[in-house]
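Sequence lines set the chain letters: A, B, ... in the order given, protein chains first and strands last, and positions in each chain run from 1.
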Amino acid sequence: MNAGSLANRSERRRAAAEFGLGAHDAPRIGMLAFLCSEAAFFATLIIAYLTYLGQADVGPTPGEILSLGLAGANTVVLLSSSVTLWWASQAMTAGRTRSACSGLIVTILLGSLFLAGTAYEWRELIDARGLTISTNLFGTTYYTLVGCHAFHVTLGVLAMLVLAGLLASRALSAGASRGFELVEWYWHFVDGVWIAVFLVVYVWGR
Amino acid sequence: MAVAEPLAMRTELSDTARLRAWSTTVDHKRIGLLYVGTSLIFLVIGGLEALLIRWQLWAPELRVLGPTQFNQLFTMHGTTMIFFVVMPMLLGFANYLVPLMIGARDMAFPRLNALSYWLYALGGALTHFSFFAGGAPDVGWFAYAPLTEYTFSRGHSTDYWILGLLVSGLGSLFTGINLLTTILALRAPGMNLARMPLFVWMMLVDAILLIFAIPPLTAAQLMLLLDRSLGAHFFDTQAGGSALLWQHLFWFFGHPEVYILALPAFGMISEIVPVFSRKVIFGYESVAAATVTIGVISMGVWAHHMFTVGMSDVLDAIFSGASFLIAVPTGIKMFNWIATLYGGRLRFESPLLFAVGFLAMFVMGGLTGIMLAAVPIDWQVSDSYFVVAHFHYVLFGGSLFAIMAGFFYWFPKASGRRLSERLGRWQFWIMLAGFNLTFGPMHVAGLLGMPRRIYTYSDDRGWTLWNQLATVGALVLGVAFVLFFWNLFVSWRRGAPAGDDPWDAWTLEWATHSPPAPYNFETIPPVHSRRPLWDLKHPQDPDWILPDRAQPEVIA
């Protein structure tokens with residue numbers, strides 16, 4: 001930390017105090033606001049899930065067909081992807097482009113593995129257990145909630161693919177990248193939502 | 001200050017080039033105008049639908065429209081006016097004004113802003129396309145389940161309703177994010193939160209409401225879409241689904257929505273009343289605080305729309321109490337505005353006329369609102385024309401009168417020309433008369449037991465007179481709107497040149513040219529107080545005190 005940036009920082013803090021400026025920057029606020037709206041969206045779906053928990057008038061029920069083992073493994077995969085992304089972002093800030101890129105690729109692989117796990121789980125549920133979205137209220141709420149989450153994971157994977165492409169082609173070099181930081185926020189948020197979904201659907205609701 | 005002449009720039013382009021420039025624009029002023037222009041088109045559509053409704057109800061047992069057409073018309077009237085007229089109109093004003101008022105170059109995310117507008121336009125087009133695709137939605141603007149389920153609503157009209165609102169809802173959500181970010185991050189140096197114009201304060205709270213209220217609606221519409229297209233059972237009462245869940249989710253959006261439509265109007269009034277009273281707003285802090293309070297409470301009153309569905313007494317009491325409570329901050333604002341008018345040197349030009357009209361009409365809507373918040377009264381008059389009268393006093397007498405005030409006040413900024421004052425006065429008095437003639441009698445019809453949404457009625461109910469008064473009033477309102485559109489049309493090209501600051505106002509949008517150049521401000525204006533333009537105009541008597549300068553003498 002050199003003196004220049006320190007002076008800069010105190011200058012900025014002074015400006016923030018006097019003018020209410022400089023303390024906030026637009027992309028971060030925008031992303032935060034977007035994540036708030038996403039939280040409201042998922043909260044609504046979770047409320048719907050809880051409202052209908054145990055209300056289905058025909059089977060199967062969550063306890064009969066949901067596999068805690070598979071979901072637990074999937075959870076471990078997704079949570080470790082947050083760790084690898086954090087590691088990649090540390091490398092990014094430290095200016096190690098290559099490490100950042102490989103961290104990102106590992107995260108993408110873990111995210112894809114999670115999606116593959118979900119796909120496998122759904123195939124089992126649909127083919128072997130006969131649970132579709134129209135079978136009963138459990139199917140309705142389960143596929144909607146887990147599906148919306150998986151859709152968000154897919155978007156995150158796509159965003160990270162773009163970042164990895166930019167890093168690999170040197171269009172984006174290490175050092176602080178706002179885009180990288182915001183995708184990271186999004187990814188951690190989606191992971192956080194999964195923790196809630198996991199607890200509600202697989203632990204508490206089973 | 002010599003600046004490039006903005007008026008000269010826009011006549012040079014060919015028609016195609018101009019179309020291209022407008023359709024690809026990311027400039028907040030052009031997007032604002034696109035929002036306002038598009039919502040004016042939908043205003044004509046929604047207004048004609050209302051006139052057809054009033055024609056059908058002119059006399060008992062009329063058959064101007066069939067029952068199905070009538071259902072379609074009241075559904076489309078409500079949906080259009082709320083989602084495609086008032087909301088985008090206010091977002092358009094906010095788009096145009098917020099960056100100017102805080103001394104910014106543009107919105108924080110200009111391309112997202114353009115996306116918001118085009119999502120809105122697409123949503124409006126989708127919803128209205130249903131007219132040509134087998135019939136318009138006919139399930140009412142809040143589309144209660146299970147009527148919206150495929151069993152009861154065949155065809156695709158309800159799907160168009162869902163998709164149209166889903167798409168335009170995303171647009172509004174993005175505008176909310178954009179406004180919030182703009183206000184928090186892009187204020188000119190010196191413009192701290194306590195110095196922001198009150199319109200900006202209201203838009204800040206409005207943006208937060210958009211961010212938290214729209215996603216639940218989006219989720220609910222996704223559920224409904226899944227019900228209808230994939231056979232899910234969210235609102236399918238035959239399979240254990242709950243019709244009540246839709247009501248909770250819809251009104252969890254729906255009631256903040258009322259304040260999303262009201263707060264920007266409050267903001268406009270808070271800008272216009274001080275300028276035309278030649279006084280600073282009375283109690284700036286309390287207006288801002290009341291706005292935040294309204295925002296918070298508005299998230300907790302939704303079930304007052306549902307007193308008749310048979311919730312528990314405890315829930316009824318809680319939501320009733322919260323609804324009474326929200327009248328307090330709203331009432332505080334009323335007193336702020338009245339106290340600002342009191343003792344002022346009032347200039348009764350069109351903006352103030354409409355603003356005072358707003359105050360009077362909104363109080364009426366507020367009072368019936370307090371009545372409806374009392375559970376027993378709500379049980380008695382729920383779903384009657386009393387409720388129709390109430391919310392038209394709030395949204396038409398309130399929001400739309402404020403929007404009219406806003407048009408007369410800010411039109412010179414956007415066009416460089418004034419709206420005709422003479423036409424404005426005529427419009428105001430005709431509109432005030434027509435409005436009260438239309439919606440006043442609905443209170444009586446409602447108390448006499450006339451339910452809303454019936455396509456006709458029999459002669460022996462005693463409702464005929466009140467309906468005829470309302471229909472005459474609707475025609476009078478039509479005349480007022482014709483005058484308004486004529487005024488807009490003529491004044492845009494040939495109105496009297498307004499100059500940069502026609503009202504001798506104090507906020508930053510008047511510190512630049514009319515219309516402003518694409519870059520808004522040549523130099524970032526200095527902000528030392530809540531009235532930066534006053535400070536510029538009166539360097540000897542600014543609103544702020546230099547640290548090293550002696551306190552100016554107090555003039556008794």
Side-chain angles (χ1 to χ4, degrees), chain A residues 11-12 14-59 61 131-145 147-149 151-152 182, chain B residues 104 107-109 112 170 173-174 176-196 207-208 210-220 222-223 225-227 229-236 238-242 244-246 248-249 252-253 299 527-528:
Chain A
E11 177 75 8
R12 242 185 297 150
R14 195 191 59 78
E18 186 171 344
F19 303 128
L21 264 193
H24 317 293
D25 67 317
R28 279 183 177 158
I29 297 174
M31 193 57 171
L32 206 60
F34 174 67
L35 294 182
C36 283
S37 76
E38 289 280 58
F41 177 80
F42 278 108
T44 311
L45 292 182
I46 289 174
I47 287 168
Y49 190 89
L50 288 172
T51 307
Y52 291 136
L53 193 61
Q55 300 290 314
D57 39 17
V58 290
T61 64
L131 180 78
T132 69
I133 195 168
S134 61
T135 307
N136 59 13
L137 271 175
F138 164 55
T140 294
T141 49
Y142 167 81
Y143 285 112
T144 306
L145 177 56
C148 279
H149 179 263
F151 173 69
H152 281 76
L182 297 185
Chain B
M107 296 279 272
F109 310 114
L112 185 69
L170 281 180
L173 171 65
F174 294 155
I177 293 173
N178 219 338
L179 280 169
L180 178 78
T181 312
T182 307
I183 295 169
L184 289 185
L186 298 190
R187 279 167 286 129
M191 177 75 77
N192 58 27
L193 287 178
R195 290 178 191 159
M196 288 195 317
I208 296 171
L210 283 167
I211 289 166
F212 284 104
I214 290 192
L217 178 69
T218 307
L222 177 70
M223 295 176 196
L225 199 62
L226 291 174
D227 273 14
S229 47
L230 295 182
H233 305 296
F234 281 106
F235 310 115
D236 173 10
Q238 299 294 304
S242 160
L244 208 56
L245 181 69
W246 170 267
H248 276 296
L249 295 182
F252 183 79
F253 151 81
M299 306 294 282
V527 179
H528 301 288

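If you tally non-hydrogen atom pairs under 4.5 Å between each of Thr44(A), Leu32(A), Val58(A) and chain B, the highest count goes to Thr44(A).
Interatomic distance, CG of Leu230(B) versus OG1 of Thr132(A), reported as 9.5 Å (0.5 Å rounding). Atom-to-atom distance recorded for Phe234(B):CZ and Tyr49(A):OH is 11.0 Å, nearest 0.5 angstrom. Asp227(B) contributes atom CG, which lies 10.5 Å from atom OG of Ser134(A) (distance to the nearest 0.5 angstrom). Taking CD1 from Ile29(A) and CG from Asn178(B), the interatomic distance works out to 11.5 Å, rounded to the nearest 0.5 Å. Note that OG1 of Thr181(B) and CE of Met31(A) are 11.5 Å apart. Values are rounded to the nearest 0.5 Å.
The part of Thr135(A) that comes within reach of chain B is its backbone (N, CA, C, O), which places non-hydrogen atoms under 4.5 angstrom from that chain. For chain A, the nearby part of Leu226(B) is the side chain; its heavy atoms alone come within less than 4.5 Å. For a residue to count as touching a neighbouring chain, one of its non-hydrogen atoms must lie under 4.5 Å from one of that chain's; by this rule Ser242(B) touches chain A with backbone and side chain alike. Of the atoms belonging to Leu173(B), it is side-chain heavy atoms, and not backbone ones, that fall under 4.5 Å from chain A. Contact of Phe109(B) with chain A is made through the side chain alone, with heavy-atom distances under 4.5 Å. For Leu222(B), the part lying under 4.5 angstrom from a heavy atom of chain A is the side chain only. The part of Thr51(A) that comes within reach of chain B is its side chain, from C-beta onward, which places non-hydrogen atoms under 4.5 angstrom from that chain.
Of all heavy-atom pairs between Ala40(A) and Pro215(B), the closest is CB-CB, 3.9 Å. Among all heavy-atom pairs drawn from Gly30(A) and Ile177(B), the shortest one is O-CG2, 3.6 Å. What you find for Gln238(B) and Asp57(A) is that their closest heavy atoms are O-OD2, 4.0 Å. Heavy atoms only, all atoms of each residue included: Thr140(A) and His233(B) are closest at OG1-N, 3.0 Å.
Formation of a donor-acceptor pair under 3.5 Å by the Tyr52(A) side chain with backbone atoms of Gly241(B) is not found in this model.
Inter-residue side-chain proximity for Met223(B) and Leu45(A) is flagged as met; some heavy-atom pair is nearer than 4.5 Å.
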